[in-house]
Protein chains: 2
Amino acid sequence: MINIFKNVKLAEKIVSHVANRTPLMASRTLDSLVSAKRVIVKCENFQRTGSFKFRGAWNCISHIPTQERKYGIIAHSSGNFAQAVALVAKILHIKATIVMPNNATPSKIAATRGYGAEVVLCGNQPGDRDKISTELIEQYDYKLIHPFDDLNVIFGAGTTAYEFIKNYSSIDLLLLPVGGGGLISGCSIAAKGLDPRIKVIGIEPKNADDTFRSFQLGKRVPVENPNTIADGLRTSVGELTFPIIQEFVDDIITVTEEQIIDAMKFYWERMKLVVEPSGAVPLAGLLFGAIDPSLIKGKKIGLIISGGNIDLTDFFSLLKQKHTKTKVN
Amino acid sequence: MINIFKNVKLAEKIVSHVANRTPLMASRTLDSLVSAKRVIVKCENFQRTGSFKFRGAWNCISHIPTQERKYGIIAHSSGNFAQAVALVAKILHIKATIVMPNNATPSKIAATRGYGAEVVLCGNQPGDRDKISTELIEQYDYKLIHPFDDLNVIFGAGTTAYEFIKNYSSIDLLLLPVGGGGLISGCSIAAKGLDPRIKVIGIEPKNADDTFRSFQLGKRVPVENPNTIADGLRTSVGELTFPIIQEFVDDIITVTEEQIIDAMKFYWERMKLVVEPSGAVPLAGLLFGAIDPSLIKGKKIGLIISGGNIDLTDFFSLLKQKHTKTKVN
């Protein structure tokens, strides 16, 4: 344990040079709504590329020896990790290829290309991404970057909680979203390493509850039909991340789609923060989930907003149609 | 001038006890988009009640002698000022009555009531609000609070720029929205008082360009059919605010409805900030307005986001219909 925590501290030194030190926000309305002493929100939606993924990508890629970087790196992702790898590669002058499914959001494909990465589109069936990536690696000798099942990615993600708790000590409870498990495994190492009294609870969409079930059973079971609006949390928990979660996370609970949307609405309307569905999952857990009230009442609670990347093209097109006479495509 | 600036400094002492010290944000994308050295955004959307209006309301109402408070205060507003007066009155234990037009956004009426104010609905024709307010004042001896044509409201609003420039000195250009003129008159006093070299430019919707025209003509002309999405900027410039603008503001320019929406979109998508249309007007000016490029290129530019109060009920109802099977009203 002590050894693993050292790695997060080291990652913090590496990541803090280049990542944004994202702000902490609070809302009096939220405090009184849940009867907490204070709810403090760490805003990784203000991180570079709009999500915490930049931290893990930076920590991982900057550790790759020069020799292994020379043919370029490759990653597959439909969203936030794609943008993070693309920007890190741009800063470090490494060629990056990102395999994205052909149904990925056009704005995310455009953003990834905007950072200078080559985007290779693939089908959207299970296995399609792996197949294309493997072919490209065989052909070009690219170095594969995994979005969460990589210790340097995990330690990098953990700098989110490390920075949070260094900046605002004495929180009692930390709530995090769970997808592949990179964020929560890194952050639980950081939280328990800095203060073992902090309780760490992971929140998962009920419609993609593989980590919840795995945690109950004590062994990894894959996600089935992850039909959730929280697009960042549709993956199954990882081989590396799951044992860390088993060791350092106190509980996993689930929330419904409606609860996720209500939590997003709270962030947008009351706190003026654009938060993507995955990023609102911890607040959904706090507001509506099965958390023991004694962990909340009168306590200091930390929430992590994992990201804010959501496509608003339709919303703004409608607004223009309503408020201007010019035609909008 | 020196005397007026003293009042903003005094207001800052009074307001800073109770207002949020709102954060400054920046975006590398924005810097390079306009070729500025740095664009810094002061986020009054994170202010209490969601807009800068809290500052002026607090500075004004806390100056009212106890004797004049005892029957209560009254204000008329369709939006942000209503909520600000309601919260200030709640904190100071003063009875507040807010006259709001019957077509005001239901969420704004609910928020105003939520802070404990009594809301009296009136018609939405010119003169309706004044008529009802005058009747209520005659009947109950309420003290009227004007949303901008009041020196204490102006000085309170000016604390926005005072706090900004104290926190981040050496800006070259400050861009502000113009409606009744309370924010820009207070902020231009603060900016020129702290550093006379700072250029101050006001941005107004083309569809509500009375201040632009007044500034050109050298005399106040009223707004005509202010058909703009920027609901906070539909009022005519005030009797008190206009001469201050003439003295301390360097220029007034206008932007179209489409430009305002594009600026909002930038804030939401790229900076993850929920900004209301009025609050995005200065960015529209920076991105698309007729500002001399020599004032922008390589310079440090300050933008003030006046507020973030926008009704998202429809957006989230649609999201729920799309992503959950339960019925939503």
Side-chain angles (χ1 to χ4, degrees), chain A residues 20 22-29 43-48 50-51 87 107 111 114 207 227-230 256-262 264-277 279 305 307-326 328, chain B residues 20 22-29 43-48 50-51 87 107 111 114 207 227-230 256-262 264-277 279 305 307-326 328:
Chain A
N20 288 341
T22 52
L24 300 177
M25 307 281 283
S27 150
R28 290 170 184 84
T29 309
C43 296
E44 287 293 301
N45 51 335
F46 296 139
Q47 188 50 268
R48 296 179 80 169
S51 86
L87 177 57
S107 66
N207 287 1
N227 180 24
T228 174
I229 188 176
T256 66
E257 297 299 293
E258 189 154 357
Q259 291 167 344
I260 296 169
I261 295 172
D262 280 334
M264 264 178 83
K265 188 166 189 262
F266 186 94
Y267 274 134
W268 291 41
E269 286 201 338
R270 304 303 301 242
M271 295 183 72
K272 317 301 176 192
L273 297 168
V274 173
V275 175
E276 64 185 77
I305 293 177
N309 291 329
I310 179 166
D311 194 338
L312 295 167
T313 312
D314 290 348
F315 174 71
F316 282 99
S317 294
L318 267 173
L319 213 59
K320 276 198 188 176
Q321 277 169 34
K322 223 172 131 180
H323 287 279
T324 67
K325 279 160 198 166
T326 51
V328 178
Chain B
N20 288 342
T22 53
L24 300 177
M25 307 282 282
S27 150
R28 291 170 184 84
T29 310
C43 296
E44 286 292 303
N45 49 336
F46 295 139
Q47 189 50 267
R48 298 181 78 169
S51 87
L87 177 57
S107 66
N207 286 2
N227 181 24
T228 173
I229 189 176
T256 68
E257 297 300 293
E258 191 152 357
Q259 290 167 343
I260 296 170
I261 295 172
D262 281 335
M264 262 177 83
K265 188 165 187 266
F266 187 93
Y267 273 133
W268 291 41
E269 285 201 338
R270 304 302 303 241
M271 296 184 73
K272 317 302 175 189
L273 297 169
V274 173
V275 175
E276 63 184 80
I305 293 178
N309 292 328
I310 179 165
D311 195 337
L312 295 167
T313 312
D314 291 347
F315 175 70
F316 281 99
S317 293
L318 268 172
L319 214 58
K320 277 200 187 176
Q321 277 168 31
K322 224 170 131 182
H323 289 277
T324 68
K325 278 160 197 165
T326 52
V328 178

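Values below: every heavy atom of this structure, side chains too, minus hydrogens, waters and symmetry copies. As the structure is a computational prediction, the values presented were derived from the model and not from experiment. Sequence lines set the chain letters: A, B, ... in the order given, protein chains first and strands last, and positions in each chain run from 1.
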Engineer: Looking at chain B, which one of A:N309, A:I261, A:N45 has the largest number of heavy-atom pairs inside 4.5 Å, strictly under?
Structural biologist: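 Looking at each of A:N309, A:I261, A:N45 in turn, A:I261 comes out on top.
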
Engineer: Between A:R270, A:K322, A:E257, A:E276, which residue shows the highest count of heavy-atom pairs closer than 4.5 Å to chain B?
Structural biologist: A:E257

Engineer: Assign the ring pair B:W268 / A:F315 to parallel, tilted or perpendicular, where the plane angle (0 to 90°) is split at 30° and 60°.
Structural biologist: parallel

Engineer: Is there a side-chain contact between A:L319 and B:M264 (heavy atoms, below 4.5 Å)?
Structural biologist: yes

Engineer: Taking side chain as everything from C-beta outward and backbone as N, CA, C, O, which of these in A:N207 sits under 4.5 Å from a heavy atom of chain B? Side chain, backbone, both or neither.
Structural biologist: neither

Engineer: Relative to chain B, which segment of A:T313 carries a heavy atom at a distance below 4.5 Å: side chain, backbone, both, or neither?
Structural biologist: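 Both backbone and side chain.
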
Engineer: Once rounded to the nearest 0.5 Å, what's the spacing between atom CD1 of B:I229 and atom NZ of A:K320?
Structural biologist: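 The NZ atom of A:K320 is 11.0 Å from CD1 of B:I229, to the nearest 0.5 Å.
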
Engineer: Counting only non-hydrogen atoms closer than 4.5 Å, does B:D314 touch chain A with its backbone (N, CA, C, O), its side chain (CB onward), both, or neither?
Structural biologist: neither

Engineer: About how many Å separate CG of A:L273 and CZ of B:F46, when rounded to the nearest 0.5 Å?
Structural biologist: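 It comes to 4.5 Å.
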
Engineer: Against chain B, work out which of A:A111, A:G308, A:P23, A:S27 has the most heavy-atom pairs shorter than 4.5 Å and name it.
Structural biologist: A:G308

Engineer: Using heavy-atom distances under 4.5 Å, tell me whether B:T29 contacts chain A through its side chain, its backbone, both, or neither.
Structural biologist: neither

Engineer: Show your working on side chain to side chain contact (heavy atoms under 4.5 Å, CB included) between A:R28 and B:N20 and close with a plain yes or no.
Structural biologist: CA-CA 11 Å; A:R28 290 170 184 84; B:N20 288 342; 3.4 Å; yes

Engineer: What distance do A:Q259 atom CD and B:T324 atom OG1 have between them, rounded to the nearest 0.5 Å?
Structural biologist: 11.0 Å

Engineer: Taking every non-hydrogen pair under 4.5 Å, which of B:D262, B:D311, B:I260, B:L318 racks up the most with chain A?
Structural biologist: B:D262

Engineer: Given that the side chain runs from C-beta out, which part of A:M25 has a heavy atom under 4.5 Å from chain B: side chain, backbone, both or neither?
Structural biologist: side chain

Engineer: Measuring from B:T256:OG1 to A:H323:NE2, what's the distance to the nearest 0.5 Å?
Structural biologist: 13.5 Å

Engineer: Would you sort out whether A:K272 and B:V275 count as a side chain to side chain contact (heavy atoms under 4.5 Å, CB included), showing the intermediate values?
Structural biologist: CA-CA 7 Å; A:K272 317 301 176 192; B:V275 175; over 6 Å; no

